[in-house]
Chemist: 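I'd like to ask you about the structure that follows.
Note that the structure is a prediction, hence the values are computed from the model and not measured. Hydrogens, waters and symmetry mates play no part in the numbers below; they use all other heavy atoms, side chains included.
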Amino acid sequence: MSRWIVLAIPVDGVNDTDRDARTLREFDGSVEEAESSLVEAANAYEHTIWKVRRREIFKCSSRSYFIRIHGRMATYGFLIQLAELVHDTAQSTGQPSA
């Protein structure tokens, strides 16, 4: 079983102070569970937008989606991406991972 994270990476319409990627989910699971979690995140993510009027979801690959969220005043773009843990120094030194 692999360790996964789902990230939201701002692409368009977000203030410079809010440009950092966000970890939406972190979990252990199979590839199928991870891809399902990614789709759920793409369908639900709203950033800090108060009222979502429209959501467009574009599939880039089985591990990434581009979402365009139309709010009341502006439109925002985010890359919602799935990442698999491939190396952890805590595991290679015998320390338990957090």
Side-chain angles (χ1 to χ4, degrees):
M1 196 162 293
S2 296
R3 184 97 183 131
W4 303 91
I5 59 173
V6 176
L7 300 168
I9 304 162
V11 176
D12 190 30
V14 178
N15 295 331
D16 288 339
T17 58
D18 205 14
R19 283 249 178 239
D20 294 333
R22 294 181 181 190
T23 300
L24 303 180
R25 299 174 182 181
E26 188 167 345
F27 56 94
D28 294 317
S30 68
V31 173
E32 294 79 16
E33 291 168 327
E35 289 176 356
S36 176
S37 184
L38 173 66
V39 171
E40 289 172 14
N43 284 313
Y45 186 65
E46 295 184 353
H47 189 58
T48 58
I49 301 165
W50 181 68
K51 183 171 181 161
V52 175
R53 294 187 181 261
R54 180 180 174 194
R55 173 189 308 275
E56 296 174 281
I57 301 174
F58 299 87
K59 184 175 184 176
C60 302
S61 72
S62 63
R63 294 192 179 185
S64 70
Y65 288 82
F66 175 77
I67 61 172
R68 187 180 297 143
I69 301 172
H70 301 267
R72 205 180 91 210
M73 303 288 282
T75 300
Y76 307 87
F78 299 91
L79 184 63
I80 307 297
Q81 194 161 18
L82 180 63
E84 180 180 10
L85 178 66
V86 295
H87 179 72
D88 183 347
T89 58
Q91 291 177 350
S92 62
T93 61
Q95 299 173 359
S97 62

Chemist: Looking at His87 and Leu85, what are the two nearest heavy atoms and their distance?
Modeler: O-CD1, 3.2 Å
Chemist: Please tell me if the side chains of Trp4 and Ser37 come closer than 4.5 Å, counting only heavy atoms from C-beta onward.
Modeler: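 They are not in side-chain contact.
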Chemist: Looking only at heavy atoms, what is the nearest atom pair of Ile80 and Ala8, with distance?
Modeler: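 Residues Ile80 and Ala8, closest heavy atoms: CD1-CB, 3.7 Å.
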Chemist: Excluding sequence neighbours, so at least two apart, what forms side chain to side chain contact (heavy atoms under 4.5 Å, CB included) with Ser62?
Modeler: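 Result, side chain to side chain contact (heavy atoms under 4.5 Å, CB included) vs Ser62: Glu35.
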Chemist: Decide whether Phe27 and Val31 are clustered together by the hydrophobic rule: side chain heavy atoms of Ile, Leu, Val, Met, Phe, Trp, Tyr closer than 4.5 Å, transitively.
Modeler: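 Yes, Phe27 connects to Val31 through the hydrophobic network.
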Chemist: Check whether any side-chain heavy atom of Arg68 lies under 4.5 Å from a side-chain heavy atom of Arg54, and answer yes or no.
Modeler: no
Chemist: Kindly give the heavy-atom pair with the smallest separation between Gly71 and Ile49, and that separation in Å.
Modeler: CA-CG2, 4.0 Å
Chemist: At their closest point, which heavy atom of Ala21 faces which heavy atom of Ile9, and how far apart are they?
Modeler: CB-CG1, 3.9 Å
Chemist: List in chain and number order the residues that pass side chain to side chain contact (heavy atoms under 4.5 Å, CB included) with Ser64, two or more places apart in sequence or in another chain; answer none if no residue qualifies.
Modeler: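 Here the qualifying residues are Cys60, Ser61, Leu79, Gln81.
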Chemist: Distance check, rounded to the nearest 0.5 Å: Met73 atom CE versus Arg53 atom CZ?
Modeler: 10.0 Å
Chemist: Minimum heavy-atom separation for Ile69 to Glu46, with atom names?
Modeler: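 Shortest heavy-atom separation between Ile69 and Glu46 comes out as CD1-CA, 4.0 Å.
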Chemist: Taking only residues two or more places apart in sequence, or in another chain, which ones meet Tyr45 in a side-chain hydrogen bond (donor to acceptor under 3.5 Å, both in side chains)?
Modeler: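 Scan of Tyr45 (side-chain hydrogen bond (donor to acceptor under 3.5 Å, both in side chains), adjacent residues dropped) gives His47.
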Chemist: If you round to the nearest 0.5 Å, how far is CD of Glu26 from CG of Leu7?
Modeler: 9.5 Å
Chemist: Restricting to salt bridge (Lys or Arg N to Asp or Glu O under 4.0 Å), what partner residues turn up for Arg25, sequence neighbours left out?
Modeler: Glu40
Chemist: If every non-hydrogen atom of Leu38 is compared with every non-hydrogen atom of Arg63, which pair is closest and at what distance?
Modeler: CD2-C, 3.4 Å
Chemist: Considering residues at least two apart in sequence or located in another chain, which fulfil the salt bridge (Lys or Arg N to Asp or Glu O under 4.0 Å) criterion with Arg72?
Modeler: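 With neighbours one apart ignored, the set is empty.
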Chemist: Can you name the residues that form a side-chain hydrogen bond (donor to acceptor under 3.5 Å, both in side chains) with Asp28, not counting sequence neighbours?
Modeler: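 Asp28 satisfies side-chain hydrogen bond (donor to acceptor under 3.5 Å, both in side chains) with Arg3 only.
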Chemist: Just how far is it from atom OH of Tyr65 to atom CZ of Phe58, taken to the nearest 0.5 Å?
Modeler: 13.0 Å
